[in-house]
Structures are given as C-alpha cells and as structure tokens.
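Labels below follow one simple rule: chain letters A, B, ... track the order of the sequence lines, proteins then strands, and each chain is numbered from 1.
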There are 2 protein chains.
Amino acid sequence: MAATLQTVADAVGVSRSTVSNAYSRPDQLSLELRTRILAAAEKLGYAGPNPSARSLRRGKVDSIGVLLTANLSIAFRDPYAVSFLRGLAEAAEERRNSLLLIPMPRHDMEGSLEAVRNAAVDAFCVYCVPNWTGALELIAARGLPVVSGDDPQLMRSELPPNTGMLGFVGIDDRAAARTLAAHVAGFGHRRVAIVAHWATDHGGTGPVGLTPEDLRYSVSGERTRGYRDAFEAAGVPWNDILLINAVENVRAAGQDAAAHALDRLDRSTAILTTSDVLALGVLDALKDRGLQPGRDVSVTGFDDIPEAELAGLTTMRQPSYERGRISGEMLLDPPEDPQARRRVLPTTLVVRKTTGPAPTS
Amino acid sequence: MAATLQTVADAVGVSRSTVSNAYSRPDQLSLELRTRILAAAEKLGYAGPNPSARSLRRGKVDSIGVLLTANLSIAFRDPYAVSFLRGLAEAAEERRNSLLLIPMPRHDMEGSLEAVRNAAVDAFCVYCVPNWTGALELIAARGLPVVSGDDPQLMRSELPPNTGMLGFVGIDDRAAARTLAAHVAGFGHRRVAIVAHWATDHGGTGPVGLTPEDLRYSVSGERTRGYRDAFEAAGVPWNDILLINAVENVRAAGQDAAAHALDRLDRSTAILTTSDVLALGVLDALKDRGLQPGRDVSVTGFDDIPEAELAGLTTMRQPSYERGRISGEMLLDPPEDPQARRRVLPTTLVVRKTTGPAPTS
DNA sequence: TTGAAAGCGATACCAA
DNA sequence: TTGGTATCGCTTTCAA
C-alpha cells in the first residue's frame with residue numbers, strides 16, 4: 001500500500017540511492033532530476049523516507065527524550081516544570097530537534113523502564129524523577145548522553161563523572177535550603193514542620209518518622225537536609241521537627257499535609273516545604289483556619305514560581321528556564337571539557353510576607 | 001561497540017529470535033532460559049532492542065506527534081495550551097504512549113515540514129498551527145491519523161471527513177465569538193477594535209486593512225468573523241471596525257496592539273481579542289494610560305485561563321484539558337463511526353468586570 | 001520451546 | 001552525477 005523509495009525509483013527509472021539523495025542530499029544530483037523524482041513521489045503518494053528506517057540507518061533520531069516527573073499531567077501543572085521545559089524546547093528547536101516526553105508513572109516502574117528502553121532518541125534529560133537509578137543505568141547501557149539535576153553526588157563530584165556521557169545541570173539544593181531555613185530559624189521558631197514530596201512510597205500524606213537520609217526522592221532529601229542543618233545550628237534538634245510526607249507535588253497535597261501540622265495542640269509555628277506548589281497548598285490550609293501567614297504561622301516554598309509573588313510567599317528562587325535551556329545545549333553540543341558538564345546554577349533567597357517572628361504564645 | 005541482539009544470542013548460544021522473544025514475548029520461552037538471556041545481556045551491556053529497528057520492523061512506534069503552535073517556547077507560555085497538553089499527555093500515558101513535540105517555527109516552513117516528515121510517530125495532533133495545510137497534506141500522505149481543532153470546514157462538515165483518518169476536536173469558534181461580541185455590542189459600543197494574532201505574515205503588530213476572510217490563521221479568522229457578525233447585526237459595519245494584527249500570541253503583543261486602538265483621537269471604546277493572553281496585554285496597556293477597564297474601555301479575551309479570573313476579564317470559556325484528552329483518545333482508539341470523529345465541544349460566556357456600557361463622551 | 005530465513009525501508013561507501 | 005552493494009538491528013512466520 002504505502003509507497004516506498006523503491007516504488008519511486010522504479011517509476012522514475014533510477015536507483016534507490018538516487019531517490020534517497022533527492023531527499024537527504026539535494027546537492028548530490030541535478031536539479032532537473034531531483035524535481036522529476038519529487039514530482040513522481042508526489043504522484044505516487046510517497047511522503048518521504050520512513051523515519052524509523054532512516055534513523056536506524058543513520059544511527060541518529062534528532063530528538064531528545066525527557067523523563068519528567070512521575071507523571072506528565074502533574075508536571076504540566078507545575079509552573080516551574082513548564083518553564084524548565086520551555087527552555088529545553090527552545091534549545092532543541094534551534095537545533096531542529098524534537099522533544100519526546102516520556103511518562104514515568106511511579107506505580108509502574110516496569111512500564112516506565114520499558115518506555116525508556118523503547119524511546120527513539122539521541123539523548124536524555126532527566127528532571128525530577130524519583131528513584132531514577134534504574135532509568136539512569138538503562139540509559140547508560142544504551143550509551144546515550146544524559147543530563148540530570150537530581151543527583152547530589154554528581155553535583156558535588158570534583159572530578160568528571162565516570163560515565164563520559166553524564167552531565168549535571170542544577171543547583172546546590174542543600175545549601176540553598178540551608179539559607180532559607182536559616183532565615184526562618186532567625187525568627188526564633190522552634191516548633192517546625194517540613195512538608196516534603198515523595199518522601200516515601202508507602203502510605204499517604206502525613207507525618208513520617210524518617211531522617212533526611214531516608215527520603216526516596218533525592219531532591220526532597222537534599223532540601224530536607226539543608227533545613228535540618230540550619231535548625232540544628234539554631235539549637236532545634238531533628239527530633240523536634242515534624243516531617244510530613246506529601247504524596248504528590250500538587251497544591252492539594254500541601255493543603256492536606258499542613259493539616260497535620262496545624263490541627264494539634266502544639267501547632268507548628270513554621271512550615272517549610274520542598275516546593276512553591278506545596279507551599280501554596282499550605283497557605284490554603286492556613287486560610288481555611290483563619291490563620292495569618294507570617295504572623296501566626298511562617299511558611300516557605302521553593303522555586304519562586306510566578307504565583308509565589310502573588311501570594312507574597314517567602315521562597316528560594318532557582319532558575320527554571322535557564323536550567324532547561326542549558327540542559328538542552330549541553331545535550332546537543334556536549335562540551336569537551338568534563339568540568340563544563342557540571343553546571344551548578346545560582347539561587348536567591350526571596351523574602352516576602354509569609355515569614356516572620358515566631359508567635360510568643 | 002554497542003552490543004546487539006546477535007551478540008547476546010552468540011554469548012548464550014541461542015538464536016536471535018529467542019533473544020528477541022525474551023524481550024518482546026516472555027511467554028514464548030522458558031523462564032530459565034529467559035533469565036539466562038537477560039543476565040547475559042546485562043553483562044554484555046545490551047540495553048534491549050534498538051527502538052528504531054524495532055519500530056521499523058513492527059511498523060509502530062507508540063508515540064503521538066504534537067504540532068503545537070508556531071513555536072514551542074511560546075506555546076509553553078500560554079496556560080491554555082499547557083492545559084490542553086496536559087489532557088493529551090494523560091490520554092497518551094494511559095495507553096503507554098509518548099508525546100513527540102514538534103516545533104513548527106513559522107519563519108521556517110521548510111524545516112517544519114521536514115520535521116513532520118521525519119517524525120517517528122503513529123498519529124498526529126495538530127493544535128493551533130497557522131497555515132497548516134502543508135503539514136496536513138504531508139500527514140495524509142504518510143497515511144497517519146490526525147486530529148485537529150483548527151479547521152472550520154471540518155467542524156461544519158455534516159458528512160464524515162473524506163480522509164478516513166481525519167478527526168475534529170474543538171469548538172465552534174465563530175458562534176462562540178458571535179455570542180461574546182453580542183454581549184459587548186449590547187452595551188452600545190460603536191468604536192470597536194479587534195486584536196487578532198497571526199492575522200497576517202507581513203509586517204508587525206499594527207492595524208491591517210483586511211477582512212476576516214483574509215486572515216492567515218483560521219482560528220483568528222473564525223473568531224473575527226463571529227465578532228463581525230454580531231456588530232453588523234447591531235448596526236456597526238465592518239468598515240468601522242479597527243482590525244489590529246498581533247505578531248504573536250503573547251502578552252506583550254497584546255499590549256503593543258492596544259496602543260493603536262488607544263492612542264488616537266477617536267479612541268476605541270471596546271477592544272476584542274482572539275485570546276486571553278492578548279487581552280491581558282491589552283489590560284496592561286490600559287493601566288499604563290490610567291484607563292479603567294469596563295468603564296473607559298471594554299476588553300474581552302477568549303479561552304478563560306486562570307489568570308483571566310484574577311484579572312476580572314470577560315471572556316469565552318472553552319474546555320482545554322478535555323479537548324486535549326479527547327483528542328488523545330480519538331487518536332489512540334479511532335472510533336468506527338465517522339460521526340464520532342467530529343467532536344464540537346461547548347463554550348460558555350463568562351461575564352466579569354472588563355466589559356460595560358460605552359462611555360457617553 | 002527453539003531456530004532458520006526473509007524482509008522492514010533506508011543510507012553510505014565506493015566505483016563507474 | 002549516478003548506481004550497486006552491503007548493511008543498520010530487529011521481528012515474524014514457519015518448520016523442526
């Protein structure tokens with residue numbers, strides 16, 4: 001049914017190679033012949049080289065795979081992720097690459113890995129994927145370049161990553177978190193809660209008796225570590241801190257999580273979160289209870305999405321668009337120098353109205 | 001270098017087919033053998049079947065292509081588009097498909113078509129692509145299913161689309177626009193401007209002497225037609241209406257466009273736009289000039305994105321998430337009944353604070 | 001349950 | 001400039 005190169009070649013009376021050249025190397029044949037071939041192709045309903053066949057032969061696909069969060073539809077709800085993607089898309093577009101978005105549902109590790117295995121791409125960008133080790137190893141086995149921002153070890157490593165293909169583009173989550181928490185601790189808060197997403201796979205949203213080291217998701221782990229650092233320095237031991245798991249990085253989960261910190265006799269006076277989206281949910285919870293952010297309870301986010309400004313949220317700003325863009329560029333033009341494959345981007349503490357002195361009651 | 005099926009087969013001492021089965025049809029061989037094969041593969045650094053080779057052979061890729069707006073990075077800035085994508089992603093994810101985002105820069109038609117030709121996908125979703133006819137024909141030639149929401153003819157056709165593979169998921173833009181404009185016309189406005197994106201390819205943002213039929217982008221064309229319908233019915237002829245082109249569907253373009261309606265002696269008392277994003281820009285322009293929306297100048301959007309509510313913008317709501325989701329489902333499970341391949345979704349007039357009586361001055 | 005053989009559709013090298 | 005030839009890596013009957 002579908003016409004192929006051969007069909008066209010036969011019709012025009014030339015060889016397959018010539019037809020192939022007509023599409024892929026216009027300079028290799030006379031304009032006249034090329035025109036004739038293209039016309040014949042059109043008439044026969046030949047739409048051009050089969051993409052799979054072409055990339056099989058060429059060993060190149062011109063598209064980069066994006067492993068983005070547990071689940072695409074949640075990622076699209078997070079302005080930070082969207083902005084990141086925008087940067088990545090722009091870099092890809094400039095080099096005429098497409099973006100293959102690969103869903104990685106957490107409940108289906110098997111299927112997720114299968115998707116990574118099957119992805120027809122030249123490189124991968126791994127962004128906020130919990131428990132991603134399996135995926136990373138698979139990618140390594142495929143011998144494809146990867147950029148990630150999730151691996152703290154990668155960020156720290158003085159030496160080039162062992163796999164020649166591995167790059168880091170991200171921030172120093174722990175240090176940034178430490179700065180943010182120091183700001184809060186400076187207000188004298190001692191009853192503190194932390195809302196962290198994907199802290200654990202078991203159970204739902206609610207308090208968990210874990211240390212930062214136990215957390216399943218490296219980014220939440222690093223940020224939580226930073227929070228602990230700062231509070232310990234201020235004389236608040238980890239055991240006094242209430243760690244609350246949020247099942248997903250969505251606003252409603254932040255709201256639910258906050259209930260566990262607010263609806264108790266020794267109500268927390270400060271709630272730190274691992275993302276702005278969660279923090280907005282926490283603010284929702286405060287509102288439900290008639291509590292005033294920054295006075296009754298201090299709240300912080302992470303990322304600095306546009307909504308954070310509207311909400312007056314104190315947060316830690318990290319570059320989103322640039323991060324995506326740099327990731328894309330690194331993937332598409334891998335730098336020779338291994339050091340250039342490790343980009344730790346700057347962060348900024350943004351103090352707004354949701355943080356203030358601990359209530360004296 | 002890279003291990004292949006053959007490598008593994010040789011190492012284990014079985015045939016290629018058996019190794020292939022180990023990956024693609026686990027039930028076709030003994031568990032013991034399969035385990036042995038997988039172990040050998042791991043040791044040899046074989047990451048599983050080459051995706052291109054596999055899809056070449058199978059004739060299936062398990063991913064759907066998305067032709068989205070002129071330029072991905074602009075699309076990611078439009079909340080409506082992001083929400084649409086979210087719906088699409090969700091549908092894809094459920095059926096274990098990936099999404100291939102294909103950039104279609106307007107300045108590079110050639111390259112865009114090339115990208116469509118090259119896309120390794122099983123189906124296409126065309127969304128807000130100006131001048132997409134070339135792309136559509138190409139897709140048709142490839143014999144792949146397409147869903148679009150941009151083609152008014154498709155929406156109206158009583159009969160099943162001629163191409164068996166073609167579907168429509170969208171709204172009746174003209175009718176919706178008519179309802180919106182009738183609301184504005186009811187307030188007695190007679191000095192009216194319309195800001196339409198991609199009205200023309202030539203020149204920048206500014207007034208153009210065109211009729212709705214001339215517009216390059218079908219969606220803007222349909223909406224503009226609807227506006228004209230309503231104003232003509234109210235006794236305002238098309239010649240009295242100022243049509244302004246916006247180069248892109250971004251806020252700043254709306255702001256620039258509005259200047260042409262506001263900075264003149266016979267200032268427009270109503271500005272209708274083809275999207276909320278543009279309308280927000282128009283509101284920016286009003287603010288710059290100390291004008292009050294709904295009193296000095298009435299402004300309307302289209303889509304009803306979340307920001308529209310915050311801004312108190314009067315607009316026409318159309319489903320975004322659902323639209324993406326339904327598109328995805330239609331592509332992944334094409335309905336037998338051709339009538340079911342044409343889904344015209346409902347719209348709602350949302351009256352807020354940016355529309356009011358024409359000032360009497 | 002396993003293997004042999006025949007493509008899937010195209011590209012690239014090397015001659016002519 | 002054009003054509004022949006050898007793959008690219010895998011899946012899939014069909015037969016053993």
Sugar-phosphate, base or nothing in reach of [X], heavy atoms under 4.0 Å:
| X | value |
| --- | --- |
| B:L56 | base |
| B:L5 | base |
| B:Y46 | sugar-phosphate |
| A:S24 | sugar-phosphate |

What is the distance, to the nearest angstrom, from the [atom1] atom on [X] to the [atom2] atom on [N]?
| X | N | atom1 | atom2 | result |
| --- | --- | --- | --- | --- |
| B:R58 | C:dG9 | CZ | C1' | 18 Å |
| A:R16 | C:dC13 | CZ | P | 17 Å |
| A:Q28 | C:dT11 | CD | P | 13 Å |
| A:N21 | C:dC13 | CG | C1' | 11 Å |
| A:E32 | D:dT1 | CD | C1' | 12 Å |
| B:R34 | C:dT2 | CZ | C1' | 16 Å |
| A:Q6 | C:dT11 | CD | P | 13 Å |
| B:R25 | D:dT12 | CZ | C1' | 7 Å |

Is there side-chain contact between A:T7 and A:T4, with heavy atoms separated by less than 4.5 Å? yes

Quick one: do B:V116 and B:M104 satisfy side chain to side chain contact (heavy atoms under 4.5 Å, CB included)? Show the steps, please. CA-CA 9 Å; B:V116 173; B:M104 302 220 68; 3.8 Å; yes

Any donor-acceptor N/O pair under 3.5 Å between D:dT7 base and A:R57 side chain: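 Result: at least one qualifying N/O pair found.
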
Ignoring hydrogens and angles, does a donor from either the side chain of A:S17 or the base of D:dG4 sit under 3.5 Å from an acceptor on the other? yes

Under-4.0 Å side-chain N/O to phosphate OP1/OP2 contact, [X] with [N]:
| X | N | value |
| --- | --- | --- |
| A:T18 | D:dT2 | no |
| B:T4 | D:dC10 | yes |
| A:R54 | C:dT11 | yes |

Tell me if the NZ atom of B:K60 is crowded by more than 12 foreign heavy atoms within 6.0 Å. yes

Check step by step if side chain to side chain contact (heavy atoms under 4.5 Å, CB included) holds for A:V12 and A:V19. CA-CA 9 Å; A:V12 183; A:V19 179; 5.8 Å; no

As a quick check of understanding, evaluate side chain to side chain contact (heavy atoms under 4.5 Å, CB included) for A:L29 and A:V14, giving each step before the final call. CA-CA 12 Å; A:L29 67 177; A:V14 296; over 6 Å; no

